Amino acid sequence: MTRKNGFYNCDNCAGDLCLTRAECKSAGAFHTPKKLAMNMAKKLYPDYLKCKTKAEIIEKFGERGREFLNGFNLIDPCCGTGNLLAAAMNVYKWMDEEDLYGVDIDPRAVEFCIKKFPHGHFQVGDCLLEDLTDDKFWQHPSDGLFGAYKAEKLQAATAILKDKSIKQRKELSNVLLQEKHIN
């Protein structure tokens with residue numbers, strides 16, 4: 001039940017991660033403007049928009065609200081600097097940092113989000129190649145952001161995508177998604 005008092009910054013960009021233009025282009029890193037992030041957040045849970053606490057959700061919506069909150073988590077599979085998560089925190093006053101989960105292939109983005117949301121859950125990974133529903137994915141060893149097995153997977157995923165054009169990456173992503181759904 002942790003929130004920062006005030007407004008969460010939802011207008012960070014790749015420059016905040018010290019990425020060059022070439023790195024942004026190569027990684028497919030895109031900035032989500034504040035206005036768009038806020039509009040997207042408002043569309044997530046419109047029924048609960050005016051509620052200020054989780055208790056108010058249960059009081060107002062009864063069993064439906066209780067079911068909604070049971071195990072509630074908000075995950076951004078390509079979180080970058082966490083703009084969408086920050087916008088959700090600004091829009092839904094009942095949301096806590098502990099409810100936030102984020103994944104990004106760039107360790108700098110994950111480190112940035114950990115500083116931005118110290119009570120959230122963030123992991124380096126590739127949402128196209130990793131099973132984000134696996135509890136092992138979210139286990140953090142005490143010595144850092146991700147364990148050796150995670151670093152190896154990330155290295156392998158990065159090697160596959162490295163030096164590919166955006167068109168080739170999209171094609172590869174589609175193949176990987178199809179394989180994931182078939183297996």
Side-chain angles (χ1 to χ4, degrees), residues 1-13 16-17 30-142 144-147 149-150 153-154 177 180-181 183:
M1 305 227 298
T2 309
R3 296 186 61 88
K4 188 176 8 171
N5 289 331
F7 191 77
Y8 283 85
N9 186 355
C10 56
D11 202 23
N12 295 110
C13 65
D16 294 314
L17 300 177
F30 298 99
H31 169 68
T32 305
K34 178 180 173 179
K35 185 175 181 179
L36 178 60
M38 293 295 285
N39 285 334
M40 290 171 67
K42 288 176 186 172
K43 294 179 188 303
L44 281 173
Y45 312 109
D47 291 349
Y48 308 110
L49 195 59
K50 294 181 182 179
C51 296
K52 291 190 178 13
T53 65
K54 290 179 180 179
E56 187 179 337
I57 290 174
I58 294 169
E59 183 181 308
K60 187 173 181 179
F61 294 96
E63 188 58 33
R64 186 178 123 207
R66 195 180 325 283
E67 285 177 21
F68 171 74
L69 292 173
N70 184 26
F72 175 81
N73 296 309
L74 179 62
I75 184 168
D76 185 345
C78 303
C79 63
T81 57
N83 286 352
L84 296 174
L85 295 172
M89 289 291 288
N90 292 330
V91 169
Y92 302 101
K93 301 300 179 195
W94 51 266
M95 205 175 284
D96 300 315
E97 283 186 15
E98 290 90 348
D99 298 330
L100 304 180
Y101 286 76
V103 178
D104 203 278
I105 198 163
D106 190 329
R108 294 170 290 189
V110 170
E111 286 180 46
F112 189 89
C113 285
I114 288 172
K115 289 176 185 165
K116 189 173 187 173
F117 308 104
H119 301 283
H121 311 274
F122 296 92
Q123 184 65 277
V124 174
D126 186 334
C127 65
L128 297 176
L129 302 175
E130 309 270 6
D131 181 2
L132 306 186
T133 63
D134 185 354
D135 287 340
K136 289 180 184 175
F137 180 82
W138 296 101
Q139 291 174 355
H140 293 281
S142 60
L145 298 176
F146 54 103
Y149 80 96
K150 188 55 70 191
K153 281 187 174 181
L154 178 60
L177 280 171
K180 193 157 190 119
H181 290 294
N183 294 332

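Keep in mind that what you see is a predicted model, and the values were worked out from it rather than measured.
Under the 4.5 Å side-chain criterion, counting only non-hydrogen atoms from C-beta, Thr53 is not in contact with Glu59. Here the side chains of Asp47 and Arg64 are in contact, with some heavy-atom distance below 4.5 Å. For the pair Phe122 and Leu85, the minimum side-chain heavy-atom distance is below 4.5 Å. Side-chain contact between Leu44 and Met40 is absent, with no heavy atoms from C-beta onward closer than 4.5 Å. At least one side-chain heavy atom of Tyr8 sits under 4.5 Å from a side-chain heavy atom of Arg3.
In this structure a side-chain-to-backbone donor-acceptor pair under 3.5 Å is missing from Asn90 to Phe7. For Asn83 (side chain) and Thr32 (main-chain N/O), a donor-acceptor pair under 3.5 Å exists by modelled atom type. Without hydrogens or angle criteria, Lys60 side chain to Gly65 main chain gives no donor-acceptor distance under 3.5 Å. Side-chain N or O atoms of Asp96 include none that pairs as donor or acceptor with a backbone N or O of Glu98 at under 3.5 Å.
Pairing each heavy atom of Glu97 with each of Lys116, the nearest pair is OE2-O, 4.3 Å. Closest approach of Cys10 and Met38 over heavy atoms only: SG-SD, 3.8 Å. When all heavy atoms of Val124 and Pro107 are compared, the closest pair comes out as CG2-CA, 3.7 Å. Closest approach of Cys113 and Gly80 over heavy atoms only: SG-O, 3.2 Å. Of all heavy-atom pairs between His119 and His121, the closest is O-NE2, 4.1 Å.
Residue Lys35 places its NZ atom among 12 or fewer non-hydrogen atoms of other residues, nucleotides or ligands, all under 6.0 Å distant.
To the nearest 0.5 Å, the span separating CD on Gln123 from CD1 on Ile114 amounts to 8.0 Å. Atom NZ of Lys52 is separated from atom NZ of Lys93 by 8.5 Å, given to the nearest 0.5 angstrom. A distance of 7.5 Å separates CG of Asp11 from SG of Cys13, quoted to the nearest 0.5 Å. If you take CD1 on Ile57 and CZ on Phe72, they are separated by 8.0 Å, rounding to the nearest 0.5 Å. With rounding to the nearest 0.5 Å, the separation of SG in Cys78 from CG in Asp106 is 12.0 Å. The line from CZ of Phe117 to CG of Leu100 is 5.5 Å long, rounded to the nearest 0.5 Å.
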Chi angles and distances behind the ring-ring contact (aromatic ring centres under 6.0 Å, His included) call for Phe68, Trp94: CA-CA 13 Å; Phe68 171 74; Trp94 51 266; 5.8 Å; yes
Applying salt bridge (charged side-chain N to carboxylate O under 4.0 Å, His left out) to Arg108 and Glu111, what does each step give before you reach the verdict? CA-CA 5 Å; Arg108 294 170 290 189; Glu111 286 180 46; over 6 Å; no
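Taking the six-membered ring where tryptophan is involved, the planes of Tyr92 and Tyr45 are perpendicular, since the angle between them exceeds 60° and thus also 30°.
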